[in-house]
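By convention in this document, chain letters (A, B, ...) are assigned in the order of the sequence lines, proteins followed by strands, and residues within each chain are numbered from 1.
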There are 2 protein chains.
Amino acid sequence: MPTPHYGQPRYRVIADELRERIESGLIPPGTLLPTESTLTAEFRAARGTIRQAIAVLREAGLVATEHGRGTYASARRHESGLEEGSASETRKRQIPADPELAALFDVDVGAVLIEQQRVDRTNGVVRTVVRTYRLGRVSK
Amino acid sequence: MPTPHYGQPRYRVIADELRERIESGLIPPGTLLPTESTLTAEFRAARGTIRQAIAVLREAGLVATEHGRGTYASARRHESGLEEGSASETRKRQIPADPELAALFDVDVGAVLIEQQRVDRTNGVVRTVVRTYRLGRVSK
DNA sequence: AGAAATTTGTCCGTATGTATC
DNA sequence: AGATACATACGGACAAATTTC
């Protein structure tokens, strides 16, 4: 029972099985899937593996999970562009100092500043945007 | 991209990146770091590698992990050449969303956003300016 | 109103197989 | 051969949101 993964990984096999149940109507849209605990027993897999399988379906937009509630089967809505889960993106760029920042850093307006930005998303919704400003490289 | 590790091991590179985000204030003290799962996606690294990176930071006292909770950025400060120089000011205000932020938050230009700004000084010299943006209350 | 049970979220430690440098 | 990294899988534990009693 260690961890041989010939051919298909278990979580993928499980995901396929659940997908079929949903698409076939066995698990109607809007209803709750069996709990992770139940699926654990049914597939004789670790909870982490079950969660991985559900994550696949969530990414595919087939299910939606709510903390403390359960995982609902979604109405199959295969859209063109695919959505993204939760993640954070980071970007770094150089910008000219506006008057306010110039005053803070005590540099001329237009001087090069480094801006680092992070965007936190939850379920695709932007929660926070953090921007950090620093002086551009030159001296230390 | 399998496993090229020229020079620095992957986990060390990731640790350095996270360290910079914390020390720069991109990840403010007291806030939760992205989950291991999220970091796994962002850095395209295995969980083990992420955990190894976080372990480095934990060892350095930069973060503290709580079982079942998450990993917090510590308020650990750079006490190298301290003196009475270190100081930080915080300001909170409401601002109208500019086009860029409006697009990120998916709101109209001019919508109310909450901006929190922190200015870190060392020996009177401004080191970093951190601005965090959030949606104004209400709606949703 | 409150306590307990349920369920998902996250982390921990460990382990095996695979692949590359 | 060894170090590094990745993918997968297990089991246990605590945290937090929700529901039930």
Side-chain angles (χ1 to χ4, degrees), chain A residues 1-18 22 27 30-59 61-74 84-88 120-125 127, chain B residues 1-18 27 30-59 61-74 140:
Chain A
M1 32 313 221
T3 317
H5 48 282
Y6 318 105
Q8 285 244 315
R10 299 202 59 194
Y11 75 90
R12 230 175 268 284
V13 174
I14 295 172
D16 286 342
E17 170 62 28
L18 292 176
I22 293 172
I27 301 179
T31 66
L32 283 171
L33 267 67
T35 68
E36 295 176 352
S37 165
T38 300
L39 293 174
T40 283
E42 179 182 343
F43 291 103
R44 299 235 194 103
R47 199 179 148 217
T49 305
I50 298 294
R51 287 177 59 75
Q52 220 171 337
I54 292 179
V56 171
L57 301 180
R58 188 164 35 233
E59 212 141 314
L62 274 160
V63 302
T65 303
E66 284 181 40
H67 194 163
R69 249 253 187 84
T71 297
Y72 291 91
S74 306
E84 211 173 331
S86 64
S88 59
D120 281 327
R121 282 191 171 82
T122 303
N123 296 325
V125 179
R127 293 307 182 129
Chain B
M1 295 70 131
T3 318
H5 54 282
Y6 313 106
Q8 291 249 306
R10 197 107 158 68
Y11 73 90
R12 218 164 265 290
V13 173
I14 295 174
D16 285 342
E17 170 62 27
L18 292 177
I27 301 178
T31 66
L32 281 171
L33 266 67
T35 67
E36 295 178 350
S37 164
T38 300
L39 292 174
T40 283
E42 180 181 344
F43 290 103
R44 305 255 186 90
R47 198 184 142 222
T49 306
I50 297 295
R51 287 174 58 73
Q52 222 172 332
I54 291 179
V56 170
L57 300 181
R58 188 165 34 237
E59 201 105 342
L62 271 162
V63 303
T65 302
E66 283 185 38
H67 197 157
R69 238 323 175 52
T71 298
Y72 292 91
S74 303
K140 188 81 194 290

Quick one: is [N] close enough that its OP1 or OP2 comes under 4.0 Å of any side-chain N or O from [X]?
X       : N      : value
B/Arg51 : C/dG13 : yes
A/Thr49 : D/dT8  : no
B/Arg12 : D/dA3  : no
A/Tyr11 : D/dT8  : yes
B/Thr65 : C/dC11 : no

Where is the tightest heavy-atom contact between B/Ala73 and B/Val63, given as atom of each residue plus distance? CA-CG1, 4.3 Å

Please name the pair of heavy atoms, one in A/Leu32 and one in A/Ile27, separated by the smallest distance, quoted to 0.1 Å. O-CG2, 4.5 Å

Round to a whole Å and report the spacing from [atom1] of [X] to [atom2] of [N].
X       : N      : atom1 : atom2 : answer
B/Ile54 : C/dC11 : CD1   : P     : 7 Å
B/Ile50 : C/dC12 : CD1   : C1'   : 16 Å
B/Leu33 : C/dT10 : CG    : P     : 13 Å
A/Ile14 : D/dC10 : CD1   : P     : 7 Å
B/Gln52 : C/dC12 : CD    : P     : 13 Å
A/Arg10 : C/dT16 : CZ    : P     : 17 Å

For A/Phe43, does its backbone N or O pair with a side-chain atom of A/Arg10 as donor and acceptor, under 3.5 Å? yes

Less than 3.5 Å between a donor and an acceptor, one on the side chain of A/Arg47 and one on the base of D/dG12, is that the case here? no

Which distance, rounded to the nearest 0.5 Å, do you find between the [atom1] of [X] and the [atom2] of [Y]?
X       : Y       : atom1 : atom2 : value
B/Thr49 : B/Arg44 : OG1   : CZ    : 14.5 Å
A/Leu57 : A/Gln52 : CG    : CD    : 12.0 Å
B/Ile50 : B/Leu18 : CD1   : CG    : 7.0 Å

Pick the closest DNA chain D nucleotide for B/Phe43 and for A/Ala46 by heavy atoms, then say which residue is nearer the 5' end. B/Phe43

A/Leu39 vs A/Ile54 side-chain heavy atoms within contact, under 4.5 Å: yes

Interface polar pairs with nucleotides 3-7 of chain C, N/O, under 3.5 angstrom:
none

